[in-house]
Engineer: 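The structure that follows is given in the form of C-alpha cells.
Remember, it's a predicted structure, so these values are computed and weren't measured experimentally. Just so we're on the same page: letters track the sequence lines, and every chain starts at 1.
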Amino acid sequence: MTNKKRYTVTSALPYANGALHLGHLAGAYLPADIYVRYLRLLGKDVVFVCGSDEHGAAITIRAKKEGISPRDIIDKYHSLNKETFERLGISFDIYHRTSAALHHETSQEFFKLLYDKGGEFEERTNEQYYDAEFNQFLADRYIVGTCPKCAHEEAYGDQCENCGSTLSPRELINPRSTLSGNTPELKETTHWFFKLDKHADWLREWVKEGTLEGAQHHDPKTWKNHVTGQCLSWLDGEDGLQPRAITRDLDWGIPVPLEGAEGKVLYVWFDAPIGYISATKQWAKDNGKDWKDYWQSEDTELVHFIGKDNIVFHCIVFPAMLKAHGDYILPVNVPANQFLNFEGRKFSKSKGWGIEQHQYLEEFKDFPNKEDALRYTLIRNAPENKDSDFKWDEFVDFHDNELVGNLGNFINRVVVLTNKYYEGVVPQVNSDSQVLKDAFALVQTFQKNVEAFKFRDALQTFLELSSLGNTYLQDVSPWKVWKEDPESLEVKECLSNCIQIVTILSVLCEPFIPFSSEKIRSLINLPKVENGDLQKLLNQLQNKETLISEGHQLGEPELLFAKINDRKDASRMQLIEKQKQHLEDILAAEKANDRAPIKPEITYDDFVKLDVRTGTILTAEKVEKADKLLKLTVDIGLEVRTVVSGIAKHYKPEDIIGQQVLLLANLAPRKLRGVMSQGMILMAEDENGKLVFVQPGETWGNGHQVS
RNA sequence: GGCGAGGUAGCUCAGCUGGUUAGAGCGCCAGAUUCAUAAUCUGGAGGUCGAGAGUUCAAGUCUCUCUCUCGCUACCA
C-alpha cells in the first residue's frame, strides 16, 4: 500500500453470460473487498468499482440459438451477479454495466481520442467469412470444413484437430458456418488494430523495474512473481507484442465512432476495461465527486484485482491504452490470483462440478453463518500464489476449529465471565499491560500482511490474536482467583484486557468477516464498525488509551457461530454431507456412463472395407520430440509395415518386441512427426485411459485376416 | 518434445537477497484446566528439506544434471 490520497480499486468485470462460482469469488472479488474494506477502516478515500461486461459474440450467438434477445440474457445475469455479490457482502461502491449509455460514450470518446491523436491505430482490410442467415462475420472457431491437408471433414477455421495443421478459414474446403450450417460467403471488411508493439519498451521497463519515464512508479518487488513472469514472457516472447484488433463485425456492442464503420463494434478487451472508468464516472455523478480525481491524479493508487487469466490485459494491454491516451494513471499493482479448484478438480459447469455463488447461498440458506463461513474458508485457502483446492472437509475444519473453537469461544468466554462477575460492566482498566502490547504488535503484523496483499497471512495473524487472548485467559485463570477473592484486582484487569482484545478483533475482522464483525460489536454493545475505526484504534493503542472504557455495559452472551460438526444438532453437517454426496453421484454417473454409446449402424459392406491383419512387432523405438509415439515395424506376413502408434505412455519399446497384434492394414498412410505410418495397431482402452493390445487368443501366424 | 509451476513432518503448506539445534496449522500421543459450543492451554513424537554432483568457511536457500507431479501445448488413441 502506498500512502496516496485516494484509492481506485477494481475487480474484473464478470461476463454477463452466466453465474459466477466460488473460484471467481476467491480470485477477484473477495480479495478486492478485503483490501477496500481495510482502506476504508483506515479512513482512506477509496472507490471500489465493478460491473457486468455485456458485449461480445458469445451473448449474441446464445441469444439467437435460444430465440431470445441479448438484452434478456444480460439483464438476467447482471441482476443475478449484482445481487449475489451484495448478499455475500462484496461492498462495491458501484456495480455498473457496459450496456449503459455512459459507458458507450466513454468508450467511444476513448477510441476517438486515440484515433484522432494518430499513430496508435492502424487499419487493415481483408476478406472474412460471413454468415448471411445470421447476418454476421464468423470468428475462426465458428467455421468448420474439410482440412486441405488430411481431408478430415470437421476441421476448425484455425486448426485441424485431426492432423494438427494450423489453418486459416480460407484454406478449408467446403467451409460451413456452425451457426446456420450454411456455406459462408467471403466479404471484405476493415478493422482497426491497436499498435501494442510500439509500447513494448516502456512496458518492459515499467514491469521489470517499476519505472515510468525515468521516475519510480511502484516497487516491482511488491508484484507477485507469476504476474511479473507472465508479463515478461509476453514482452520478451518470440514474436513480442503484436498489433491487436480492437474492432469486430457485430451488431451487439459499442459502435465504432467513425464514418463508414457501420456494423462494427469495439472488441471486448478494448471496451471492458474502460468499464472501470465509466463505472467510476457514474459513481462520481451519483455522489457529487469528480471522477478524474480517481483516474487522472498522481495522488491516486490504482489497483486491479483479477484472476490469472486476465494478467496480460491488465498489465500490458490496458496500461498501454491508458498511456497512449496520456491523461491516465497506471495501476500500482495487479495482485492477480491463481485458480481455485474444487475437491481436486477444475470447476466445470457442464459436469456440475463445483458450486456457484448463488447456489451456495441457496443450498446453505438455513446455515446461520453462511456468508462469513464461505468468506473465511475462501480466504484461508486462497490461491494467492499457486492454485489451491476447496474441500468441504476443510470448510468444516476451518469453521469449527478456527471460527468457533478459537475466535467464537474466546469472545464467548470473555462476555460470559464479565457478565457473571460484573453484570456485564467493564471493570477497571489498565491499558498498559504486556498482553495489550503483544496484541498491538500482532495488529501491526496484520496490517503489513494486508497491505502486501497477503490476505491468508493476515487471517492467520488475526487468529493468533484470538489465540493470544485464549492463552492469556488460561494463564491468569480468573475463575480460580475469583473463587479465592471475588474483589481481586487481577481478575478485573484480566477481563478488562480481554475485552480490549475483543474490541480489536471486532475491528480487524471486519474486512474478512463483516457480518460477524457486526455481531461481535453487538455482543460488546458497540456500534457497527465504520470508516476510520481502525485508524482510531491504532492511535489509541499507540497512545495507550483505552479502547472501551471502564463502566461500559456489555451485551448479553450469545453464541457467535454454530458448529457444523455438532453432536447435538446434525442439521448443518447434513448440508455438507449433501454436497459431498452430490459430488460422489457425479463421479458414479461418470463411471457408469463411461462406456461410449454404440456408434451409428453400418452395413456389412462397410465392415468388409476394413482389412485387419494379424501381425508381430519386430522393432520398436521412441519417436523423437513426441511423448506418446512409438515407431514400430510390424510383420504382417506379406510385408513388414512401419507404424507409428501413440502407446509410448503405456509400453516400453523393448517390452513389446515379439508382441502379436492386430493391424488395420488398409488405412491411408499418414505422416506423424516426420515418420510415415502405414496402418494402425488395434488397442482397447479402459475408463482410465489405459491401453492394451488386442491380439489373437493363441499364437498365430502373421498376415491372416480378421473377419 | 516446448513453455510454466512445483516436489520441505501423516495431511495442507511457510521458509525474502545462502549463516546458529528447519517452522506453522490440522491430525496423532500425553498432560493441565473447567469460564466456555467435548471448546481452551501446555508438552511430545514425527523431516538424510525429490536424487546426485558442484560453488562456498557455510545450501531447502545459488549452478548443473537427473527424476517425478501438475497445468498449458504439440504429437495420439
Side-chain angles (χ1 to χ4, degrees), chain A residues 159 161-166 221 225-226 229-230 232-234 237-238 308-309 338-339 341 344 346 380-381 384-389 391 393-394 396-421 452 454 456-457 459-461 463-464 466-483 491 494-495 498 557-569 622-631 644-650 670-675 677 680-686 689-692:
Chain A
Q159 195 186 34
E161 299 218 315
N162 188 48
C163 68
S165 325
T166 304
K221 275 185 273 184
N225 276 337
H226 67 272
Q230 192 174 330
L232 291 178
S233 88
W234 263 68
E238 264 176 58
K308 67 175 165 185
D309 50 332
Q338 308 251 15
F339 287 152
N341 289 320
K346 283 185 194 173
R380 179 71 171 66
N381 190 25
E384 286 182 348
N385 292 304
K386 60 178 82 163
D387 291 357
S388 64
D389 198 7
K391 293 192 184 77
D393 285 342
E394 282 188 351
V396 175
D397 279 352
F398 292 155
H399 183 270
D400 284 2
N401 292 338
E402 301 179 3
L403 285 182
V404 183
N406 196 324
L407 177 66
N409 186 227
F410 171 63
I411 293 169
N412 186 239
R413 297 170 85 183
V414 172
V415 176
V416 166
L417 282 171
T418 310
N419 270 283
K420 203 174 251 182
Y421 299 160
K454 293 179 177 172
R456 289 172 68 145
D457 289 349
L459 208 53
Q460 197 189 320
T461 309
L463 216 65
E464 278 173 36
S466 161
S467 273
L468 174 72
N470 273 319
T471 307
Y472 172 68
L473 203 53
Q474 201 71 28
D475 280 351
V476 180
S477 296
W479 49 90
K480 282 185 186 166
V481 185
W482 169 264
K483 277 180 194 153
V491 175
C494 172
L495 281 180
C498 286
E558 195 184 325
L559 293 184
L560 260 181
F561 307 108
K563 276 190 101 171
I564 298 172
N565 211 345
D566 186 340
R567 351 159 88 206
K568 283 162 269 175
D569 177 0
K622 282 217 61 170
V623 175
E624 275 192 35
K625 296 184 181 177
D627 285 353
K628 298 183 189 169
L629 301 183
L630 290 186
K631 177 181 166 188
V644 176
S645 183
I647 56 174
K649 285 261 162 87
H650 302 84
R670 191 177 131 194
K671 224 177 194 183
L672 296 171
R673 281 275 134 191
V675 181
S677 178
M680 190 168 110
I681 306 283
L682 268 46
M683 309 291 294
E685 182 177 7
D686 73 5
K690 189 184 168 189
L691 296 177
V692 65

Engineer: At 4.0 Å (heavy atoms only), tell me whether A:Gln460 reaches a base, stays on the sugar-phosphate, or touches nothing.
Structural biologist: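 Contact class for A:Gln460: sugar-phosphate only.
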Engineer: Does A:Asn409 form a side-chain hydrogen bond (donor to acceptor under 3.5 Å, both in side chains) with A:Asn470? I'd like the steps, not just the answer.
Structural biologist: CA-CA 9 Å; A:Asn409 186 227; A:Asn470 273 319; 5.4 Å; no
Engineer: Take atom CZ of A:Arg380 and atom P of B:C13, then tell me their distance rounded to the nearest Å.
Structural biologist: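 So the CZ-P distance, A:Arg380 to B:C13, works out to 12 Å.
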Engineer: Which pair of non-hydrogen atoms, one from A:Pro557 and one from A:Asn412, has the smallest distance, and what is that distance?
Structural biologist: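 Minimum heavy-atom contact is CB-ND2, 4.3 Å.
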Engineer: Who pairs with A:Ser645 by side chain to side chain contact (heavy atoms under 4.5 Å, CB included), at least two apart in sequence or on another chain?
Structural biologist: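 So A:Ser645 forms a side chain to side chain contact (heavy atoms under 4.5 Å, CB included) with A:Leu632, A:Ile647, A:Ile681.
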Engineer: What interatomic distance, in whole Å, is found between P of B:G46 and the corresponding atom of B:A5?
Structural biologist: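 That atom pair is separated by 36 Å.
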Engineer: Using atom C1' in both nucleotides, what's the gap between B:C28 and B:C11 to the nearest angstrom?
Structural biologist: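 These two C1' atoms come out 12 Å apart once rounded.
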Engineer: If we take the C1' atom in both B:U12 and B:C57, what is their distance in whole Å?
Structural biologist: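 To the nearest whole Å, 37 Å.
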Engineer: Nucleotide by nucleotide, 5' to 3', does protein get under 4.0 Å of the base (B), only the sugar-phosphate (S), or neither (-) in nucleotides 34-44 of chain B, counting heavy atoms?
Structural biologist: SBBBBSBSS--
Engineer: Which pair of non-hydrogen atoms, one from A:Leu407 and one from A:Ser466, has the smallest distance, and what is that distance?
Structural biologist: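 That would be CA-OG, 3.3 Å.
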Engineer: Anything under 3.5 Å between a protein N or O and an N or O of nucleotides 4-6 of chain B, put it in a table, one pair a line.
Structural biologist:
none

Engineer: Measure across A:Asn381 and A:Phe398 and return the closest heavy-atom pair with its distance rounded to 0.1 Å.
Structural biologist: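 For A:Asn381 versus A:Phe398, the nearest heavy atoms are CB-CE1, 4.3 Å.
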Engineer: Measuring only the P atom in each nucleotide, how far is B:A45 from B:G7? A whole number of Å is fine.
Structural biologist: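 The answer is 26 Å between these two P atoms.
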Engineer: Should we say atom NZ of A:Lys308 is surrounded by more than 12 heavy atoms from elsewhere, each under 6.0 Å from it?
Structural biologist: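 Enclosed.
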Engineer: Who are the ring-ring contact (aromatic ring centres under 6.0 Å, His included) partners of A:Tyr421, not counting sequence neighbours?
Structural biologist: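 Result, ring-ring contact (aromatic ring centres under 6.0 Å, His included) vs A:Tyr421: A:Trp482.
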Engineer: Would you mind reporting whether A:Ile411 and A:Leu560 have side-chain heavy atoms less than 4.5 Å apart?
Structural biologist: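 They are in side-chain contact.
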Engineer: Dot-bracket for RNA chain B: what is it, with Watson-Crick or G-U pairs under 3.5 Å, [ ] where a pair crosses earlier ones, and | for a pair to another strand?
Structural biologist: (((((((..((((.....[...)))).(((((.......))))).....(((((..]....))))))))))))....
Engineer: Heavy atoms, side chains only, cut-off 4.5 Å: are A:Asn401 and A:Asn406 in contact?
Structural biologist: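 Not in contact.
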Engineer: Over how many whole Å does the gap from A:Gln338 atom CD to B:C13 atom P extend?
Structural biologist: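 Interatomic distance, CD of A:Gln338 to P of B:C13: 13 Å.
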Engineer: Out of curiosity, A:Cys494 SG to A:Leu417 CG, how far, rounded to the nearest 0.5 Å?
Structural biologist: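 Those atoms lie 8.0 Å apart.
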Engineer: Taking atom C1' of B:G25 as reference, at what distance in whole Å does atom CZ of A:Arg456 sit?
Structural biologist: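 From A:Arg456 CZ to B:G25 C1': 11 Å.
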Engineer: Just grab all the salt bridge (charged side-chain N to carboxylate O under 4.0 Å, His left out) pairs involving residues 399-412 of chain A, residues at least two apart or on different chains.
Structural biologist: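 Sorted result for residues 399-412 of chain A: A:Arg380-A:Glu402.
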Engineer: Send over the distance from A:Lys391 NZ to B:G27 C1', rounded to a whole Å.
Structural biologist: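 It works out to 14 Å between those atoms.
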Engineer: Taking CG from A:Asn341 and P from B:U12, how many angstroms apart are they, rounded to a whole number?
Structural biologist: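 To the nearest whole Å, that distance equals 14 Å.
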Engineer: Could you state the atom-to-atom distance from CD of A:Glu384 to P of B:U12 in whole Å?
Structural biologist: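 The distance from CD of A:Glu384 to P of B:U12 comes to 19 Å, rounded to the nearest Å.
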Engineer: Using heavy atoms to find the nearest nucleotide of RNA chain B for A:Glu402 and A:Lys308 separately, return the residue whose nucleotide is more 5′.
Structural biologist: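 The residue mapped nearer the 5' terminus is A:Glu402.
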Engineer: Taking syn as within 90° of 0 and anti otherwise, name the glycosidic form of B:G60.
Structural biologist: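 Syn conformation here, the glycosidic angle of B:G60 being no more than 90° from 0.
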Engineer: For B:U48 versus B:U61, give the span between their P atoms, rounded off to a whole number of Å.
Structural biologist: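 About 16 Å, rounded to a whole number of Å.
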Engineer: Restricting to non-hydrogen atoms, name the atom on A:Trp479 and the atom on A:Leu473 that form the minimum distance, rounded to 0.1 Å.
Structural biologist: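 So the minimum-distance heavy-atom pair works out to CH2-O, 3.6 Å.
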Engineer: Using the C1' atom as the point on both nucleotides, what is the distance between B:A24 and B:G15, in whole Å?
Structural biologist: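 Straight-line distance between the two C1' atoms is 10 Å.
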Engineer: Atom CG of A:Asp397 to atom P of B:G25: distance rounded to whole Å?
Structural biologist: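 So the CG-P distance, A:Asp397 to B:G25, works out to 15 Å.
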Engineer: Could you tell me if A:Ser388 and A:Asn341 have a donor-acceptor pair between their side chains, going purely by distance under 3.5 Å?
Structural biologist: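 On atom types as modelled, these side chains do not qualify, holding no pair under 3.5 Å.
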Engineer: Can you measure A:Leu630 atom CG to B:G1 atom P for me and round it to whole angstrom units?
Structural biologist: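 Rounded to the whole Å, the gap is 13 Å.
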Engineer: Rounding to an integer number of angstrom, what distance separates B:G4 and B:U63 when you compare their P atoms?
Structural biologist: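 Looking at atom P only, B:G4 and B:U63 are 14 Å apart.
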Engineer: In whole Å, what separates the P atom of B:G25 from that of B:C62?
Structural biologist: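 Nearest-Å result for B:G25 against B:C62 at atom P: 26 Å.
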